[in-house]
Amino acid sequence: MDLSKVVAISGKPGLFLITTNSGGKLIVESLSDGKRMPAFANDKISSLEEISIFTTGEDKPLKEVFMSIHEKMGDKIDFDPKKASPVELREKFLVVLPDYDEDAVYQSDMKKVFLWYQILNDKGLLDFTVEETKEEEKADDMPAEKPAVKKTAAKKTAPKTAPKENVKAAAAPATKSTKKPKKV
């Protein structure tokens with residue numbers, strides 16, 4: 001399930017699929033009516049891949065929440081999120097995500113999660129079987145972990161560019177040579 005190409009644009013209803021991203025232009029296609037339009041730099045665009053839900057522990061990525069909805073409710077949710085009472089909406093959300101933060105997750109957020117799930121599932125953009133098999137393959141194909149080796153830089157004793165006199169002095173042997181120097 002790749003949610004990186006699916007975005008929500010602030011001020012515009014529904015979800016959008018990124019169709020073109022080149023030359024600084026972003027063209028999106030509405031999932032509700034299929035119309036294409038440009039998304040501008042001043043629009044607040046959020047990729048569903050980056051959205052997470054507040055919980056009492058660590059935040060849950062939207063992908064995991066969708067997986068939980070699929071496990072608990074199946075392909076079709078059995079209620080209309082737009083017409084559900086606040087009490088019914090909280091009860092359904094508790095079934096899906098029992099540890100959500102009641103102070104930080106609003107009723108409008110719950111509606112969006114259920115509506116987005118239904119839209120993406122109806123369009124065939126959620127494929128839970130492929131995700132599960134990919135995770136299993138990764139676990140099977142991963143080699144045993146090697147211990148991390150810390151590399152340290154070797155200390156340099158001489159500067160890179162040394163004067164010629166120092167190089168000659170350092171290269172000269174400590175004992176006298178028996179050979180006579182050649183005259184030029």
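One is the number of the first residue; the rest follow in order along the sequence.
- Linking Ile, Leu, Val, Met, Phe, Trp and Tyr residues whenever their side-chain heavy atoms come within less than 4.5 Å places Ile9 and Ile18 in a single cluster.
- Val7 places none of its side-chain heavy atoms less than 4.5 Å from the side chain of Leu17.
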Could you walk me through whether Met37 and Phe16 pass the side-chain contact (heavy atoms from CB on, under 4.5 Å) test, one step at a time? CA-CA 10 Å; Met37 62 182 192; Phe16 300 88; 3.4 Å; yes

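- Counting heavy atoms from C-beta outward, Leu3 and Glu50 have side chains that stay 4.5 Å or more apart.
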Working note: Lys92 + Asp78, criterion side-chain contact (heavy atoms from CB on, under 4.5 Å); need CA distance, chi angles, decisive distance, verdict. CA-CA 10 Å; Lys92 299 290 186 180; Asp78 58 352; 3.4 Å; yes

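- No side-chain heavy atom of Glu102 sits less than 4.5 Å from a side-chain heavy atom of Thr56.
- Counted within 6.0 Å of NZ on Lys5, heavy atoms from surrounding residues, nucleotides or ligands total 12 or fewer; the atom is thus considered open.
- When each of Tyr106, Tyr100, Phe79 is tested with Phe93 by the rule ring-ring contact (aromatic ring centres under 6.0 Å, His included), just one qualifies, namely Tyr100.
- Closest of all the heavy-atom pairs between Phe40 and Ile45 is O-CD1, 4.3 Å.
- Here the straight-line distance linking atom CG of Leu115 with atom OG of Ser32 works out to 12.0 Å at 0.5 Å rounding.
- At least one side-chain heavy atom of Val105 sits under 4.5 Å from a side-chain heavy atom of Met110.
- Minimum heavy-atom separation, Asp109 to Ala104: OD2-O, 4.0 Å.
- Counting heavy atoms from C-beta on, the side chains of Leu120 and Phe66 come closer than 4.5 Å.
- Looking at Thr55, its side chain never comes within 3.5 Å of a backbone N or O of Asp101 through a donor-acceptor pair.
- In this structure, the side chains of Thr20 and Leu26 stay at 4.5 Å or more apart for every pair of heavy atoms.
- Both Leu48 and Val96 are members of a single hydrophobic cluster when ILVMFWY side chains are connected at heavy-atom separations under 4.5 Å.
- Under a hydrophobic clustering in which Ile, Leu, Val, Met, Phe, Trp and Tyr are joined whenever their side-chain heavy atoms come within less than 4.5 Å, directly or via other members, Val6 and Ile69 fall into the same cluster.
- Separating the OG atom in Ser68 from the CG atom in Leu62 is a distance of 11.5 Å, to the nearest 0.5 Å.
- Contact check for Thr19 versus Val28: no side-chain heavy atoms found under the 4.5 Å cut-off.
- The minimum heavy-atom distance linking Trp116 with Ala8 is given by the pair CZ2-CB, 3.9 Å.
- Salt bridge status for Lys60 with Asp99: absent, with no side-chain N to carboxylate O gap under 4.0 Å.
- Grouping the Ile, Leu, Val, Met, Phe, Trp and Tyr side chains by contacts below 4.5 angstrom, directly or via other members, places Leu94 with Met67.
- In this structure, Glu29 does not pair ionically with Lys35, as no charged nitrogen and carboxylate oxygen lie closer than 4.0 Å.
- In plain terms, the two heavy atoms of Ile77 and Phe114 that are nearest each other are CD1-O, 3.8 Å.
- Among all heavy-atom pairs drawn from Asn121 and Leu126, the shortest one is N-CD1, 3.9 Å.
- Using a 4.5 Å cut-off on side-chain heavy atoms (C-beta onward), Leu31 and Leu125 make contact.
- Distance CD/Glu91 to OG/Ser85: 7.5 Å, rounded to 0.5 Å.
- The minimum heavy-atom distance between Lys82 and Lys111, with the atom names listed, is O-NZ, 4.1 Å.
- The main-chain N or O of Ser52 is never found under 3.5 Å from a side-chain atom of Asp59 such that the two would form a donor-acceptor pair.
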